[in-house]
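All ligand and atom numbering here is 1-based and tracks the order in the structure.
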Amino acid sequence: MQLSSDIRSLSITNLEKILLRENFEKYRATQIFDWLTKENIHSFEQMKNLPKELIHFLNSRFKINNVVIQLIKKSRDGTVKFLLSLPDNNVIEAVLIPTEKRITACVSSQVGCSLDCDFCATSKIKRMRNLDFYEIFDQLMILNFESLKLFGRPISNIVFMGMGEPLLNYKNVLKSIEMICSKKGIGISKKKITVSTSGMSKIIKILADKNVKFNLAVSLHSAIEKTRNEIMPFSKDFPLSDLVDSLNYWYQKTKSKITIEYLVWEAINDNISHVNSLVNFCKRVPSKVNLIEFNDIGNLKFKSAKNRWIQKYIEILELNKISVTVRRSRGEDINAACGQLANKL
Ligand code: SAH
């Protein structure tokens, strides 16, 4: 065992074993884990029901590496962005998006991103590392606590649409989802969680086999391979045919439709062959389309398409009986909107 590792990287059974070996009672492990799921516990001294010798032992062996709020920014439209610092001084961002009916928490899964989607600000930050499951859990506990303070309501939905590619850190993402959905977390239903991927087909299949219960969203943006490879160069290694296969596998296993996230840009995909290709894609995959409003990140190549093209997409999708919604941009004035998370204050 590494000295001073985060205590939450242990399972409760392992902690029980360690405590027994050191002549402490087994049930202390449950007490410790109960404290660790409460907000604002930064030290073992705060665990009021533990004997002094145990606190001393814990301090000599473990740390509690909490995620800490560094800055909160509020948008005119009610969206709130959190700049959160990690114990190794890396910084991530998370966002609370309130509406009348919902409060959605948008969380990060990695520090930076290893993918190269040209239209996304996060892709300009080098991927430093994956977040540990308890760091994702901390983010959500913080957001829930702040949501109660700011809006008097807990978070109702969670989207893994912050920094990073959740499927490239899926083990920690899955573990954090288990924790946050448990009674010790915030007890939210998995049906209220959406994990968004840029299209990692192999991992989509792995998750489908694990019988997960959350929703899956895929950032497609073009159903024409050549265009997709230009705007998301990493996708050269992830052919659309594999993506279609994996999404069908997902549907077969989970019986849950996939959300296709789609941006429309001028002179990139605002033409009829792109619309028709999207329709064909959706006919091959049980899905619904979510057209996202583009948030400018200063790359001159990308300019939101004229509204008549967005309307054209909607019209033709609906004509083909494919469900389509438009996601309005939120928090643009504080760089909190989709694709803007880049630690720019
Ligand atoms: N890596 C994951 C999750 C993070 S991005 C993924 O690719 O799905 C969350 C969503 O925001 C994705 O659909 C992404 O394509 C979209 N996005 C990225 N940059 C954007 C921008 N500038 N404006 C609007 N949406 C953007």
Side-chain angles (χ1 to χ4, degrees), residues 79 81 92-95 97 104-127 130-131 136 139 157-170 172-173 193-201 203-204 207 214-223 227-235 237-238 243 246-247 250 258-266 268-269 278 287-305 310 325-344:
T79 302
K81 179 165 89 167
I92 51 164
E93 294 182 351
V95 184
I97 309 148
T104 303
C106 174
V107 286
S108 294
S109 54
Q110 297 182 311
V111 181
C113 190
S114 58
L115 304 180
D116 47 12
C117 309
D118 229 3
F119 47 84
C120 176
T122 310
S123 75
K124 312 292 175 246
I125 310 181
K126 191 171 162 248
R127 175 200 169 280
N130 281 342
L131 292 183
I136 303 174
Q139 262 184 95
N157 297 71
I158 297 171
V159 293
F160 282 79
M161 295 185 188
M163 303 167 109
E165 168 52 47
L167 265 51
L168 290 179
N169 185 20
Y170 75 90
N172 283 304
V173 167
I193 300 179
T194 301
V195 175
S196 175
T197 176
S198 56
M200 312 273 114
S201 6
I203 307 174
I204 292 173
L207 294 183
F214 51 76
N215 303 300
L216 184 70
V218 174
S219 304
L220 187 67
H221 306 317
S222 172
T227 310
R228 194 165 193 266
N229 290 349
E230 274 162 22
I231 58 178
M232 302 163 85
F234 73 88
S235 63
D237 297 330
F238 299 87
L243 185 60
S246 68
L247 296 179
W250 171 275
I258 296 104
T259 301
I260 304 295
E261 296 167 282
Y262 201 95
L263 285 154
V264 191
W265 296 284
E266 209 168 278
I268 294 180
N269 55 1
L278 177 60
S287 54
K288 49 195 176 190
V289 174
N290 192 200
L291 296 174
I292 315 176
E293 270 189 337
F294 176 57
N295 300 301
D296 203 338
I297 60 153
N299 183 339
L300 297 179
K301 261 193 342 208
F302 296 95
K303 192 163 171 263
S304 186
I310 318 272
T325 48
V326 178
R327 190 200 299 163
R328 298 271 163 236
S329 184
R330 301 282 306 268
E332 228 180 324
D333 56 329
I334 54 165
N335 285 322
C338 280
Q340 290 189 319
L341 302 184
N343 298 344
K344 252 197 339 192

Engineer: Identify which of Gly162, Cys117, Cys106, Ser196 has a heavy atom lying nearest to atom 4 (C) of ligand 1.
Structural biologist: Gly162

Engineer: Please classify the His221 to ligand 1 contact at 4.0 Å (heavy-atom distances, strictly less than): side chain, backbone, both or neither.
Structural biologist: side chain

Engineer: Which atoms of ligand 1 have any heavy atom of Glu293 under 4.0 Å away?
Structural biologist: 24 (C)

Engineer: Could you tell me the separation between the CD1 atom of Ile260 and the NZ atom of Lys288, rounded to the nearest 0.5 Å?
Structural biologist: 10.5 Å

Engineer: Could you tell me which atoms of ligand 1, counted from 1 in the order shown, lie closer than 4.0 angstrom to a heavy atom of Cys120?
Structural biologist: 18 (C), 19 (N)

Engineer: Does any donor atom in the side chain of Glu261 or Ser196 lie under 3.5 Å from an acceptor atom in the other side chain?
Structural biologist: yes

Engineer: Could you check atom 11 (O) of ligand 1 against the protein and tell me its nearest heavy-atom contact, residue, atom and distance included?
Structural biologist: Cys338 CB, 3.8 Å

Engineer: Any idea which part of Thr197 is under 4.0 Å from ligand 1, heavy-atom wise: side chain, backbone, both or neither?
Structural biologist: backbone

Engineer: So, does Ala217 sit close enough to ligand 1 that a heavy atom of it is under 4.0 Å from the ligand?
Structural biologist: no

Engineer: Numbering the atoms of ligand 1 from 1, which are under 4.0 Å from a heavy atom of Leu263?
Structural biologist: 24 (C), 25 (N), 26 (C)

Engineer: Restricting to ring pair (Phe, Tyr, Trp, His ring centres under 6.0 Å), what partner residues turn up for Tyr170, sequence neighbours left out?
Structural biologist: none

Engineer: Starting from atom 5 (S) of ligand 1, find the nearest protein heavy-atom neighbour and note its residue, name and distance.
Structural biologist: Met161 O, 4.0 Å

Engineer: Examine the proximity of ligand 1 to Asn295 and report which part, side chain or backbone, both or neither, has a heavy atom under 4.0 Å away.
Structural biologist: both

Engineer: Between the side chains of Ser123 and Asp116, does any donor sit under 3.5 Å from an acceptor?
Structural biologist: no

Engineer: Among Asn172, Asn130, Asn169, find the one that has a side chain to side chain donor-acceptor pair (under 3.5 Å) with Gln110.
Structural biologist: Asn130

Engineer: Under the rule for ring pair (Phe, Tyr, Trp, His ring centres under 6.0 Å), what residues qualify as partners of Phe160, not counting sequence neighbours?
Structural biologist: none

Engineer: Under 4.0 Å, heavy-atom basis, I'd like to know which part of Glu261 is in contact with ligand 1: side chain, backbone, both or neither.
Structural biologist: side chain

Engineer: Short list, please: which atoms of ligand 1 are under 4.0 Å from a heavy atom of Ser198?
Structural biologist: 6 (C), 7 (O), 8 (O)

Engineer: Taking both backbone and side-chain atoms of Gly164, is any N or O found less than 3.5 Å from an N or O belonging to ligand 1?
Structural biologist: yes

Engineer: Could you measure the distance from the OG1 atom of Thr79 to the NZ atom of Lys81? Nearest 0.5 Å is fine.
Structural biologist: 11.0 Å

Engineer: Looking at ligand 1, does Cys113 have a heavy atom less than 4.0 Å from it?
Structural biologist: no

Engineer: Identify the closest protein heavy atom to atom 6 (C) of ligand 1: which residue and atom is it, and at what distance?
Structural biologist: Ser219 OG, 3.4 Å

Engineer: Is it true that, when you exclude Lys124 itself, more than 12 heavy atoms of the residues, nucleotides or ligands shown sit nearer than 6.0 Å to its NZ?
Structural biologist: yes

Engineer: Quick one: look up the protein heavy atom nearest atom 19 (N) of ligand 1 and list residue, atom name and how far away it is.
Structural biologist: Gly339 CA, 3.1 Å

Engineer: Scan side-chain atoms only and decide if Ser222 and Asn269 contain a donor-acceptor pair under the 3.5 Å cut-off.
Structural biologist: no

Engineer: In this structure, which one of Asn299, Asn295, Ile268, Leu263 forms a side chain to side chain contact (heavy atoms under 4.5 Å, CB included) with Phe119?
Structural biologist: Leu263

